[in-house]
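I have placed the structure first, in the form of structure tokens, so that the comments after it can refer back to it.
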Protein chains: 2
Amino acid sequence: MTRTTYNIYRALADSTRRKILQLLSSGEQTQSDIVKEFNISQPAINKQLRILKEEGFIHERKSGRYRYYQLDRETFEGAYHQMVDEIGAMLDQTLMDLKHYVENKEEDDD
Amino acid sequence: MTRTTYNIYRALADSTRRKILQLLSSGEQTQSDIVKEFNISQPAINKQLRILKEEGFIHERKSGRYRYYQLDRETFEGAYHQMVDEIGAMLDQTLMDLKHYVENKEEDDD
DNA sequence: ATATTATATAACCATTTGGTTATATAATAG
DNA sequence: CTATTATATAACCAAATGGTTATATAATAT
């Protein structure tokens, strides 16, 4: 069944995928358009497109022998905001630091 | 020499590393404190800590037999903002879509 | 009809990843 | 001194990753 639950972190982890997303950010492109921007093979691009598609970050449209790809901005933006919130929360806790220090003060004295 | 240039995308790609960062977001923790929060072995945690440390997202402090870890907020926040900007820019281009359409209109007619 | 182009897929491969167990070393506790 | 605890490291492993080449299929162009 091949577990294909990629999340945005996984999707963004690879630079080829990030570059694909970047390309698509300025508009729809065919697969061959995308391939031309890289020095890797068509099947390699195809694989990364499949991953982005399975994750829902891009949408595929068939027309003749072409496959047009575009960002699925809704999904992508949703995941993006979730990520920004999640990581942002980690950074937004300078006060929590003090809280933790106060709460665990006595433990350090044993 | 093992090339260890992890970027924030790589660092965040793994859920164990994300959880470690989350733990550290509320304050300094020893390695064993961290290990207790997981169901994986101490060497496994050690490896992920090493990665986060090499990337500069956490800082290590030795005290007795303990190793204390804490977020390096400067580095982490810097990388975070860069990421937010980079990905945000991808999403912030609805107008670019139209631009691209206009510019490539004629190409579609051949 | 034939050649060309766009895409898909299979088989393969090396490297990386994220764990494991076993064991060593270092510091502290009793 | 000895036992315990915290951490480090080595050797190992299975699975995932990100490519490759070869080839098939589908659509279009000549």
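Naming convention: chains lettered A, B, ... in sequence-line order (proteins, then strands); numbering from 1 in each chain.
Contact annotation: R65(B) does not reach the phosphate of dA29(C) (side-chain N/O to OP1 or OP2, under 4.0 Å). Side-chain N/O atoms of R17(B) include none lying less than 4.0 angstrom from OP1 or OP2 on dT17(C). Distances shown here put every side-chain N or O of S41(A) at or beyond 4.0 Å from the OP1 or OP2 atom of dG19(D). Within the 4.0 Å cut-off from OP1 or OP2 of dA8(C), at least one side-chain nitrogen or oxygen of N46(A) is found. Residue R50(A) has a polar side-chain atom (N or O) positioned under 4.0 Å from OP1 or OP2 of dT9(C).
The separation between Y66(A) atom OH and dT5(C) atom P is 10 Å, rounded to whole Å.
Here the side chain of S63(A) pairs no donor or acceptor atom with the backbone of Y66(A) at under 3.5 angstrom. Side-chain atoms of Y80(A) come within 3.5 Å of backbone N or O of V84(B) as a donor-acceptor pair.
With no hydrogens or angles considered, no side-chain donor-acceptor pair links Q31(B) and R67(B) at under 3.5 Å.
Checking dA27(D), dT7(C), dT21(C) against every side-chain atom of K62(A), the shortest atom distance belongs to dA27(D). Residue P43(B) has its side chain nearest to dT20(C) when only dA22(D), dG19(C), dT20(C) are considered. Looking at the side chain of T16(B), the nearest of the listed nucleotides dG19(D), dG19(C), dT20(C) is dG19(C). Closest to the side chain of R10(B), out of dT16(C), dA10(C), dT20(C), is dT16(C). Residue E60(A) has its side chain nearest to dA8(C) when only dC12(D), dT20(D), dA8(C) are considered. Across dT7(C), dA8(D), dA22(D), the shortest atom-to-atom separation from the side chain of Q42(A) is found for dT7(C).
Backbone-only engagement by Q48(B) is indicated by non-hydrogen atom pairs under 4.0 Å involving sugar-phosphate atoms exclusively. Heavy atoms of S32(B) sit under 4.0 angstrom from primed sugar atoms or phosphate atoms, though from no base atom.
Residues satisfying the side chain to side chain donor-acceptor pair (under 3.5 Å) criterion with K53(B), sequence neighbours excluded, are E60(B).
If you check dT23(C) for Watson-Crick or wobble pairing at under 3.5 angstrom, you find it paired to dA8(D).
Between T30(B) and G64(A), the one whose closest nucleotide on DNA chain D sits nearer the 5' end is T30(B).
Here the shortest heavy-atom pairing between L12(B) and M83(B) reads CD1-CE, 3.9 Å.
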